[in-house]
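Right, one structure below, let's go through it.
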Amino acid sequence: MSNLNRWKSKSAAFMALGITAVTLAPIVAPAPSAAQTNGFYDVSSNYWAAPFIKELAQRGVIAGFPDGSFRPDKPVTRSEFAAMIRKAFNKPQERQPINFGDVSSNYWAYSAIQEAYATGFLSGYPGQVFRPTLNIPREQVLVSLANGLDYVPSGNVQSTLQYYSDSYNISSYATSPIAAATEKRLVVNYPNTKFLNPKVTATRADVAAYIYQALVSSNQASAISSPYIVAINTTTPIANITIPEGTVLPVKYDKAEKILVTKDETAPLTLTISQNVVTDTGNLVIPAGSRVEGKLQPANGGSQFVAQKLILTNGKEYEINATSGIIDKIETVKKGTSTSGIIRNTALGAGAAAAVAAVTGDRAIATEEVLGGAAIGAITGIFFNKKSVDLIVIDPNTDLEMTIGRSFDVSLR
């Protein structure tokens, strides 16, 4: 049995059993603007690489463009990558720099390329050329980071690489460094962690994620909780882990953008764990995609989610004691209001559905819009002759974050 002694109870800066959520930032090009460091109009807060991009931008490792964009899908060249490496890492020289035939001394990235070579992050091609404008593949980025940080695999290379469904596409020169990078959790694969896409050109978002993870692995940055970080357990398996009281579970609800309930009703609800929850030693405890079954119920004039059961992605079930905060935000529905604007992308409790139907006069609210598919006809009469009704409005992706009320054990077998 292993207990986690230090857990943070806030998911915006959330330590998921040892993994601290942080934010990150963009990548440098020859002439990007340094003015944008806190956000880019083309990187939404729920973009898969947003936290990596934000954090690196704040560190000055990467930057946006003069128009305020980051261009996360833009390919990265070898010279641009060298410039990022120079800003991210402060490493002593381990070999003498050389003059590449295709990199003149007045080239914008000349010094960065010289330094990336001298510190062991990058090498050239036969004929003493560097090919600075060549787009850099994903596997080459990982090889560069692993070599530059002197990482070597501790386990069997082929066994480690078997994790990737496309491991057969990894170049022979890259197998050992990528195995080391995988063990050190440098690899971030979106949208499916099982596909490395080694020969695909690395984007600015890819490189931001890789560099940030390299900083984490070398104890130069705090860990970020992301479902796209490849986490292969190379430590001795632990039979059980205790998830302590006060731990925050990040959740989401994919079926609607908001939920409406009355102040007095109880409604069934199933939420999804939105991020991997792992220990500080790398053991995955609660995978992203696990489900939490429970109910919304009245609480001090508002509504509160009360969890009852955690169902992991492997089918294991655990009774849990966890609750959200109390939500007391109000949305008033008035007589004559069009229901289309109320119920669009909305899940309703049976009581809320009955109230909307009675007050607006629209009796055609479909049962699929009602939580649990409950029948609403029997309770519609309660709201007859009312000119308006106040409903609790819930943003399921922000209001329902849960705090564990009593410690419980999860089996890692």
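Numbering of residues begins at 1 and proceeds along the displayed sequence.
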Distance-minimising heavy-atom pair for [X] and [Y]:
X      : Y      : value
Ala288 : Thr313 : O-CG2, 3.8 Å
Phe305 : Leu271 : CE2-CD1, 3.8 Å
Glu331 : Leu260 : OE1-CD2, 4.0 Å
Tyr212 : Ser222 : OH-O, 2.6 Å
Ala256 : Pro396 : O-CG, 3.7 Å
Ser407 : Pro244 : OG-CA, 3.3 Å

* Could you walk me through whether Asp390 and Lys263 pass the salt bridge (charged side-chain N to carboxylate O under 4.0 Å, His left out) check? -> CA-CA 8 Å; Asp390 289 336; Lys263 295 179 180 180; 5.1 Å; no
Find the distance between [atom1] ([X]) and [atom2] ([Y]) and round it off to the nearest 0.5 Å.
X      : Y      : atom1 : atom2 : result
Lys199 : Ile170 : NZ    : CD1   : 8.0 Å
Lys316 : Ile286 : NZ    : CD1   : 12.5 Å
Gln304 : Lys295 : CD    : NZ    : 11.5 Å
Ile392 : Lys258 : CD1   : NZ    : 13.0 Å
Ile232 : Thr160 : CD1   : OG1   : 5.5 Å
Ile85  : Ile113 : CD1   : CD1   : 12.5 Å

Can you find a heavy atom in the side chain of [X] that is under 4.5 Å from one in the side chain of [Y]?
X      : Y      : answer
Leu122 : Phe81  : yes
Tyr253 : Ile259 : yes
Leu142 : Leu196 : yes
Ile326 : Ser303 : no
Thr270 : Val292 : no
Asn321 : Ile404 : no
Gln140 : Tyr173 : yes
Leu161 : Thr175 : yes

Do [X] side-chain atoms and [Y] backbone N/O form a donor-acceptor pair below 3.5 Å?
X      : Y      : result
Ser274 : Lys252 : no
Gln128 : Asn99  : yes
Gln93  : Thr119 : no
Gln114 : Ile98  : yes
Asp102 : Phe130 : yes
Ser69  : Phe65  : no
Gln213 : Tyr210 : no
Glu265 : Ala350 : yes
Thr77  : Thr133 : no

In plain terms, say whether [X] and [Y] are close enough for a salt bridge, that is, a side-chain N and a carboxylate O under 4.0 Å apart.
X      : Y      : answer
Lys91  : Asp150 : yes
Glu245 : Arg406 : no
Asp73  : Arg204 : no
Lys74  : Glu80  : yes
Lys329 : Asp399 : yes

* Steps toward side chain to side chain contact (heavy atoms under 4.5 Å, CB included) verdict (Thr266, Val261) -> CA-CA 8 Å; Thr266 298; Val261 293; over 6 Å; no
* Asked: Can you check side chain to side chain contact (heavy atoms under 4.5 Å, CB included) on Ile394 and Leu400, steps first, answer last?
  -> CA-CA 8 Å; Ile394 300 168; Leu400 298 180; 3.9 Å; yes
* Return the orientation label for the Phe70 and Phe40 ring planes: parallel under 30°, perpendicular over 60°, tilted otherwise. =>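 Plane angle between 30° and 60°, so tilted.
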* **More than 12 heavy atoms of other groups within 6.0 Å of Asn156 CG** => yes
* To do: Decide yes or no on side chain to side chain contact (heavy atoms under 4.5 Å, CB included) for Gln220 and Phe89, but give the supporting numbers first.
  => CA-CA 9 Å; Gln220 298 180 67; Phe89 301 100; 3.9 Å; yes
* Asked: Without hydrogens or angle criteria, can the side chains of Ser217 and Tyr151 be said to hold a donor-acceptor pair below 3.5 Å?
  -> yes
* To do: Answer with yes or no whether the side chains of Ser123 and Arg95 bring together a donor and an acceptor at under 3.5 Å.
  =>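 Yes - a donor-acceptor pair under 3.5 Å links their side chains.
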* Test Glu139 against Ser171 for side chain to side chain contact (heavy atoms under 4.5 Å, CB included), laying out the working first. => CA-CA 8 Å; Glu139 67 176 2; Ser171 299; 2.7 Å; yes
* Asked: Between Tyr117 and Phe100, does the ring centroid distance fall short of 6.0 Å?
  -> yes
* Asked: Out of Thr182, Asn169, Asn189, which one pairs with Tyr164 under the side-chain hydrogen bond (donor to acceptor under 3.5 Å, both in side chains) rule?
  ->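 Of the listed options, the one satisfying the test is Thr182.
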